[in-house]
Structures are given as structure tokens and as C-alpha cells.
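So that the names make sense, note that chain A is the first sequence line, chain B the second, and so on, each numbered from 1.
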Amino acid sequence: MQEQTKTDGIFEGPYDAKAHEVKIYEKWMSSGFFNPDNLPVEKDAEPYIVYMPLPNVTGSLHMGHALDNTLQDISVRYQRMKGRRALWLPGTDHAGIATQFVVEKDLKKQGISRFEIGREKFIEKVWEWKNIYGGLILEQLKRLGCSADWSRTRFTMDPEYAIDVQKTFVHYYERGWLYRGFRTVNWCTRCGTSLSELELEYKDEDTNLWHIKYSDEIIVATTRPETMLGDTAIAVNPNDARYTKLIGTKVMLPLVNREIPIIGDEAIDQTFGTGMVKVTPAHDVLDFEIGERHKLPMVIVIDARGKMTKEAGVYEGMKVLEAREKIIADLGDKVIKIEPYPHRVSICYRCNSLIEPIPSMQWFLKMKELAGKATDAVQSGKVSITPERFSKTYFDWLSNIRDWTISRQIWWGHRLPVWYCEKDSEKFKVSAEKPSACEHCGECKMVQADDVLDTWFSSALWPFAGLSESDRKKYYPGHTLITARDILNLWVARMIYSGLEFMGEAPFKNVLIHGTIMTKDGKRMSKSLGTGIDPLKYIEEYGADVARFAVVWQASGQDIRWDETAVIGGRKFTNKIWNAAKFVMGSQNAETQINEENPDGITEADKKILEELKNLKESVGKDIEGFEFSKALHDIYEFFWHSFCDTYIEASKEQMKVDGQKENTQKVLFHVLSSSLKLMHPFMPFITEAIYEKLPIENKKLLLVEKW
RNA sequence: GGGCAAUUAGCUCAGUUGGUUAGAGCGUUGCAUUCACAUUGCAAAGGUCACUGGUUCGAAUCCAGUAUUGCCCACCA
């Protein structure tokens, strides 16, 4: 077997992912082809843009990212091989509260509080932290093999990005959609900031429903007796025959001895509790609205740190729960019934602390028109959400939307471009640049708002703020957004209306919502619970291709209960691919260069494999475009392993002994191998590139940019 | 309280518009092995497709209901 010696050696031993992956990634990087401007495609080649869901700078690669980004990489690599100018736009999000939280904790270890060092110094520290750790996740994505255009990487606090954020704010203000108001908002007493309703999480709690007798006729049921100190009315349903005669009368509030009115309001459910509700406009969002309707005063009894205020009299300084106990005790026999009551309380999505509704001065964005735009985009089909059922979640949120509290009382973030008069803080000017003089008092220098914007206010602009002016002309609008369902409203909806408002077009056409990866017993993967599985472990051990295979193999669309055996399957498959390549190369007459792209089908086996290959190519292309990644991978696996390796390669051994069939068999083997590598490349980019590199093909390009 | 999803082999899951013996990966059993790969090949065992009823010539697939599980939403204090 003299003629087989030429390729011997290069495929020796099993495939060593570690040895290949770093080198291959470097080749891709130095080719410059991740940047669509450098692609060897026709000048008028159509662009194809995928927007990376911005990972937080505090993030590190978890299974969700691995899934998310593998699917995006498959799309991008496929489109790139199809000859389009494929751009995968990467970046990181400054993640206001999350990052501030992490850096604060870091400083705390050194015994420093942010208040000691002050705002400016603290922000410097955050930048320092960001510069060290903020790029970590992007490096991890590179190890996964992601072919994003890293030369375009943006951070949501980059100076250019900040300009768009300010412009947006000013634009909304000029549209009349921004307003400032002293309102009861969700407040995290640990983070010391307001939160929007999407930033809340919930926890079930067993508490009590205390029935408190205010007078002989007035008995209310409440889960929060301590807020009674701030009651400014009692409300009943005006249609409640039992109580209509009470409306307009007054009652003395126990412990406080303040007279409060009994009012009628439709929002009251007659069937709950006693049908009478204590109204505490300062400490309940619903009560605030009732208060607005009836012009009730606000009595603030809980402060921003969750302690009772001076208004709370003898309870001043107590924590909420302490005050609750004390008040129940002090009420004595006025508490006529204590009923166990399972209840859901709001907690902060970043630090899990209890949320207190507290009144404060905040900025709000009117959502009506923007929500309408976002609704239309999906209703008209300009943007499609896959699977379709998630459109419902999207529409439901948009149709019940409330104004968005966009100001946050933290330090890390985009400061509001609002400038206050130093003499009169009620007077302000909204402007991207600092005004040269104060229009109000004529003398002061004006000070910028202390508040920063909700992080999602800036990430909503990502599809255009992440692009330079010239890129916007070339690449906006994009095509695809692939993400998990938890940010559909938090982020996707906001990107859609922002794009429509500022660019006149929705930023992408397709939104794919993939399943969530859970543990094998169906629990949420979470670092803090210790239930997470680190994808880097698999990349280390078996290589990125195997990790990608395992993730896509299981990603059918439903939630995934992570199954380790898929990793084993992937590892065996890479071995199979490697060995098949070794066999095919060993079978070739290596004296000649191989150019044959379309061999004949002479034998039945030839015809069958060529036909199957053709069909596979068609279905895989269709499946990738239709986001059926897992199906495509299963089909490729089935074809390569069983049709090609088990059936055709076995047949080829006999065929090559037959005169007149040998040469064509070699061609078929080679053709099927090289074509399969192309089909597999988006899924398993490293091993396919590593093998392709060794094939004796004239004018060979990187597989990365070979024609699909 | 409302909505969505899931329930198929020991485990994790496929099963497009209803159509011959219901599939895959992993696991299990038997046989094979100097010939690309034992990270292998061939073969086999293993399923009243959650339950009940209905539509149909025909249902894992369509309809109604029940049960269990999970997720999301909601200003019932």
C-alpha cells in the first residue's frame, strides 16, 4: 500500500481538541473575516446581522450563554458561508445595579464603603474593576468559538454610546413623554434605589392577615399592620350596600389619633376580607393611585432604609418588622382576628432584599405610544417571534403597560442629562450638554442630576447605539436576535420600539426564544444554589466542539434538563469525524491534487450516498434558517455516522478493490467528506477547520469562508 | 385568580400538516475485532405514547375533560 503513505502521520492518534482550538481561533482572528467588511464576497453582498444579547460585565459564561451564543454562531457562520456579509455584533452591558453591587462588595472586603470615598472615587473604582474583569466573558465566548466581530465590540458606557443615551433622553423629553413626579415606587432598601416592576422578583411567604378594629363599624384586614400609621383613609366599594352609608364619615385612627375619611373606590373588592381597606398612599402602589383619585395626603412612616420615620411617633427608628410586632401588641384587643395567610412579597432582582413601596421623586417615561409601536411591529409581522406563543407574553405586557420609572438612585450608570438650578431644585433644564448659564436664577452654574438611568434604558438602544454612524447606514436594520425568554419584555420589546422611534425601522426581523437549561432534575441552574454546571469544564476537558454539540443536541425548543450523556455523544462524534477523515485521506491517491467536486454515482452505494448528501444539504440549510438547529445536527449526525461511515465507507472498501470503480470511489469519499465538513462547520467549527486544513485542495480558503 | 408549556423505552428527549412493525443519544444484553475509529461494528432486549371520553376507515398526533409537574403574569389589602 505504497500510495497511502503520503497522508499518513498527519491524522495520527485521536483528535486533540486542545492542541487545535487555540491555533485555529488565531487563524480565524488574523484572517480578519469576523469583520464583514473584510469578507471575500461580492461588493453588493447582502448583509446579515445578529445582535449579541449583551452579557453583563459582571457575567461569566454559564450554560445559558453557551446555548445562546452557540445558536447565534451557527446562524452567523452559516450566513457567512452562504456569501453574505455576516456581522455578529458583540458588546457588554454596564449593568448598573449588578456591577455597583459587585464592586461595593469588593470594597467592603477592604473595609471601605462607597460613601466614605464618594461618588467620583467610587466610579473610578468601578471602571478599574471593569477594565480588569469586564472582558472576561467575551474571552470565554472566544473559547467557545464565537465568530463575532470583536473589532466592533461596544460597551454601553462607551463615550459614543453615552451620546446616544443622552440624545434619546432629550428626544423623549421634547416629545413630552418624560415627566418628573413624587410618587410611591418600588424601592430596594439595600440598594437604596427605585426599581421598575420588571426588576422585581417574588417570594412566597407565610404571613398573617390581621383584622384590626378601627371603630365599632370599621374593621380592616391587612398583611402590613405597621403601615396603618400612614393611613389617610378607609376605602370601601361604593356599590357595597353594607357600607355605603359610611362613605363621607370619618373614623379615628387608633394609636395615632388622626381622623381619616371613609371613601368609596371601585378598586375595592367587596368579597375580600371585610370589604374595607386601609389606604396608605405612601406605602402601597395601589393605595397611591387611590390617593391620587381622592386627593388624599401622604404620610410617610417608612424611610429609604426601611426604618420607621419620625411620623411613626414612638415607633421611630424601628425596623419595619419590629414595628409590626410592637404595633400588634399595642393594639391589644383591637386586633380581633389573626388569620394565617400565604402571601407573595416583592424582592430585588439583584440582591433579593425586600422591596418597600416608598414615595420619592423620580423620572417616568410615558409608555403608551412606544408600546403601541412595539405591538404593531409584531402584529404586522415585521418582527416575528419564534416560537409564536411568546408573542402572547409580549402583547400582554405591552397592553397593560405602566409608565416606566427610569431613574435610579445609584452611582454607576448614565447620569440623567438634567440640570437643576442650585437655588431652586424645582427648576431644571433637560439638555445633552451642560447649559452655560441658568435660565432660572441667572447666576448659578446648575448641577447635574444625581440619578442615573435604568440600565435597560441604555441597552434598549443597542441595535443602533452599538453601531457607528457609517455602520448604521450599512448594517441597520439587522436580522436576528436569539435569547432566553426572561428578557423578552425587559429588553427585546424595548429594543423594538427604540429602533422604530429612532431609526424608523425595527432593529431585527426575527426573535428566537430558546429553551432554558435546567439541571437534570428540573431545577433552575444557579450559581448561588450551587446547581450550575460550568460549560468551560467541558471546553477544557473535551473541547469547544463537544460542548457546542452537547448543547445543540439537546436544544429542541423546550426547556432542557441537562443530560451529561450528550457530552459523551459529542466526544464520540468528534472521534468519528476525525477517524473518517483519516480513512478517507488514507484511501486517496495522494500523488494527484483532488479537485473533483461532483463525482459520478456508478454503484448503487455511490448513488445513494450522493443523493442523501444532496438532501441533507438542503434540509440543514432550511433548518438553520428556520432555527431548527437541533434537528439539523441530529440529521447531520445520522448521515455522517450511519450513512457515510457505517454504510458507504464499509462499501467503499470493497469497491476500491474493483477495477473501474476505485478512482470514482475515492472521489466520492473525498467529496462526501469535504461537503460534510462544510455542513458541520457552523456546529463544530474547530474540528472541521482542523481537518479541512489538511485536505489537498487547490486554492483552498479557510473553511470559515468556504462556500456552503 | 389568569395564561403558557410538558407528560412517549431504565435516563434525557425527537416524532413537521392524523396513515404501514413509534425513533435517537446514553445505558443494558449477546456476538465480532491485526483490516479509519473499542471514543468501534453487527445484532438484540426494552414503550396499553399520563388518564377518561369523543371525532375518524385509521389518533402519540385533532377535540373535550381529569391528574401531575414546571414556568410566566396579576394593585385582592
Side-chain angles (χ1 to χ4, degrees), chain A residues 1 4 7-8 11-15 184 197-198 202 209-212 220-225 227-228 231 234-235 237 267-280 283-290 341 343-344 346 357 387 389-393 396-397 400 402 485-486 488-489 515-516 518 520-524 542 546 549-550 553-587 619 622-623 626 628 630-631 633-635 637-638 641-642 645-647 649-650 652-653 669 673:
Chain A
M1 289 281 149
Q4 292 190 10
T7 52
D8 278 353
F11 278 99
E12 220 163 62
Y15 174 62
T184 299
E197 84 275 7
L198 289 181
Y202 301 94
L209 197 54
W210 284 275
H211 294 248
I212 304 169
V220 298
T222 180
T223 53
R224 300 207 53 194
T227 62
M228 69 169 288
D231 285 1
I234 296 291
N237 192 299
I268 308 306
D269 179 353
Q270 305 178 31
T271 62
F272 187 88
T274 58
M276 287 185 182
V277 180
K278 56 191 274 314
V279 183
T280 322
H283 300 293
D284 185 285
V285 177
L286 172 63
D287 288 2
F288 175 80
E289 285 169 16
I290 295 176
Y341 190 71
H343 190 57
R344 206 178 66 150
S346 317
R389 64 173 185 274
F390 288 111
S391 310
K392 194 173 158 35
T393 315
D396 284 353
W397 181 65
N400 297 316
R402 307 171 137 215
R485 74 172 92 82
D486 49 352
L488 181 62
N489 295 331
T516 303
M518 297 177 304
K520 193 160 181 179
D521 36 337
K523 300 251 161 58
R524 212 182 178 79
Y542 308 117
V546 171
F549 176 98
W553 184 258
Q554 302 183 69
S556 64
Q558 295 298 335
D559 286 349
I560 297 156
R561 290 180 175 215
W562 183 254
D563 183 5
E564 289 258 347
T565 66
V567 179
I568 305 302
R571 185 181 50 145
K572 285 159 89 167
F573 191 45
T574 52
N575 177 256
K576 197 71 181 174
I577 297 169
W578 183 255
N579 280 294
K582 190 199 278 184
F583 174 82
V584 171
M585 291 324 296
S587 75
S619 78
K622 225 167 70 188
D623 288 340
E628 306 255 25
S630 191
K631 177 175 177 293
L633 182 61
H634 280 258
D635 288 348
Y637 178 95
E638 169 68 24
W641 197 306
H642 301 297
C645 293
D646 290 348
T647 309
I649 285 185
E650 288 311 315
S652 77
K653 291 174 185 170
L669 283 169
L673 174 69

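A:Asp284 comes within 4.0 angstrom of nothing in the nucleic acid, heavy atoms only. A:Trp641 comes within 4.0 angstrom of sugar-phosphate atoms only, judged by non-hydrogen atoms across all strands, and of no base. Using a 4.0 Å heavy-atom distance criterion, A:Lys520 is classed as a sugar-phosphate-only contact. Residue-level contact check: A:Tyr637 touches the backbone only, with heavy atoms under 4.0 Å from sugar-phosphate atoms and none from bases. Among the heavy atoms of the strands, none lies under 4.0 Å from A:Arg224. Among the heavy atoms of the strands lying under 4.0 Å from A:Trp553 are primed sugar atoms or P, OP1, OP2 only; no base atom is included. No contact: A:Leu209 has no heavy atom under 4.0 Å from any strand. Residue A:Tyr542 is classed as having no contact, given no heavy-atom separation below 4.0 Å to the nucleic acid. Within 4.0 Å of A:His343, counting heavy atoms only, lie sugar-phosphate atoms of the nucleic acid but no base atom. Within 4.0 Å (heavy atoms only), A:His211 reaches no atom of the nucleic acid at all. Using a 4.0 Å heavy-atom criterion, one finds that A:Val277 contacts the bases of the nucleic acid, with or without backbone contacts as well.
Judged purely by atom type and a 3.5 angstrom limit, A:Gln270 has no side-chain atom pairing as donor or acceptor with the backbone of A:Asn237. A donor-acceptor contact shorter than 3.5 Å is absent between the side chain of A:Ser346 and the backbone of A:Tyr202. Judged by distance alone, with hydrogens and angles left aside, the side-chain atoms of A:His634 form a donor-acceptor pair with the main-chain N or O of A:Trp553 at under 3.5 Å.
Checking B:U39, B:A74, B:A77 against the side-chain heavy atoms of A:Arg344 singles out B:A74 as nearest. Of the candidates B:A77, B:C37, B:C13, the closest approach to any side-chain atom of A:Asn579 belongs to B:C37. Distance from the side chain of A:Ala580 is smallest for B:A36 among the nucleotides B:A36, B:G41, B:C72. Taking the side chain of A:Leu286 as heavy atoms from C-beta on, and the options B:C13, B:C75, B:A5, the nearest nucleotide is B:C75. Residue A:Ile268 places its side chain closer to B:A77 than to any other of B:A5, B:A77, B:U39. Considering only the side chain of A:Lys572, B:C26 comes nearest among B:U12, B:C26, B:C71. Nearest to the side-chain atoms of A:Ile649 among the listed nucleotides B:A36, B:G25, B:C37 stands B:A36. Side-chain proximity of A:Glu197 to the nucleotides B:A74, B:U39, B:C42 is greatest for B:A74. Distances were taken from every side-chain heavy atom of A:Asn575 (C-beta onward) to each of B:A77, B:A5, B:U39; the shortest belongs to B:U39.
Smallest separation of non-hydrogen atoms from A:Lys278 and A:Arg224: NZ-O, 4.0 Å.
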A:Glu628 vs A:Asp635, side-chain contact (heavy atoms from CB on, under 4.5 Å): CA-CA, chis, key distance, verdict: CA-CA 11 Å; A:Glu628 306 255 25; A:Asp635 288 348; over 6 Å; no
query = What's the verdict on side-chain hydrogen bond (donor to acceptor under 3.5 Å, both in side chains) for A:Ser619 and A:Lys631, showing C-alpha distance, side-chain angles and the deciding distance?
reply = CA-CA 9 Å; A:Ser619 78; A:Lys631 177 175 177 293; 5.1 Å; no
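Looking at A:Asp486 and A:Thr516, their side chains never come closer than 4.5 Å, going by heavy atoms from C-beta outward. No side-chain heavy atom of A:Asp284 sits under 4.5 Å from any side-chain heavy atom of A:Thr184.
Contact annotation: A:Gln554 does not reach the phosphate of B:C13 (side-chain N/O to OP1 or OP2, under 4.0 Å). Listed pair A:Lys576 / B:G41 meets the phosphate criterion, a side-chain N or O lying under 4.0 Å from OP1 or OP2. Contact annotation: A:His642 side-chain N/O to B:G25 OP1/OP2 distance is under 4.0 Å. When the side-chain nitrogen and oxygen atoms of A:Tyr341 are compared with OP1 and OP2 of B:A77, one or more of them lie within a distance under 4.0 Å.
Aromatic ring orientation, A:His642 versus A:Tyr637: perpendicular (interplanar angle above 60°, classes split at 30° and 60°). Using a 30° and 60° split on the angle between ring planes, A:His343 and A:Tyr341 fall in the tilted class, from 30° to 60°.
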Under the rule of Watson-Crick or G-U wobble with both distances under 3.5 Å, where | means paired to another strand and [ ] a crossing pair, RNA chain B maps to (((((((..((((.....[...)))).(((((.......))))).....(((((..]....))))))))))))....
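With both ends at atom C1', the span from B:G47 to B:G3 equals 33 Å, rounded to whole Å. To the nearest whole angstrom, the two P atoms, one in B:A67 and one in B:A74, are 26 Å apart.
With hydrogens and angles ignored, no donor-acceptor pair under 3.5 angstrom links the side chain of A:Lys392 to the base of B:C4.
Using a 4.0 Å cut-off between charged side-chain N and carboxylate O, A:Arg561 and A:Asp521 make no salt bridge.
Nearest-nucleotide assignment on RNA chain B puts the 5′-proximal partner with A:Asp559, out of A:Thr274 and A:Asp559.
Non-hydrogen atoms lying under 4.0 Å from RNA chain B are contributed by A:Arg561, A:Asp563, A:Thr565, all within residues 561-570 of chain A.
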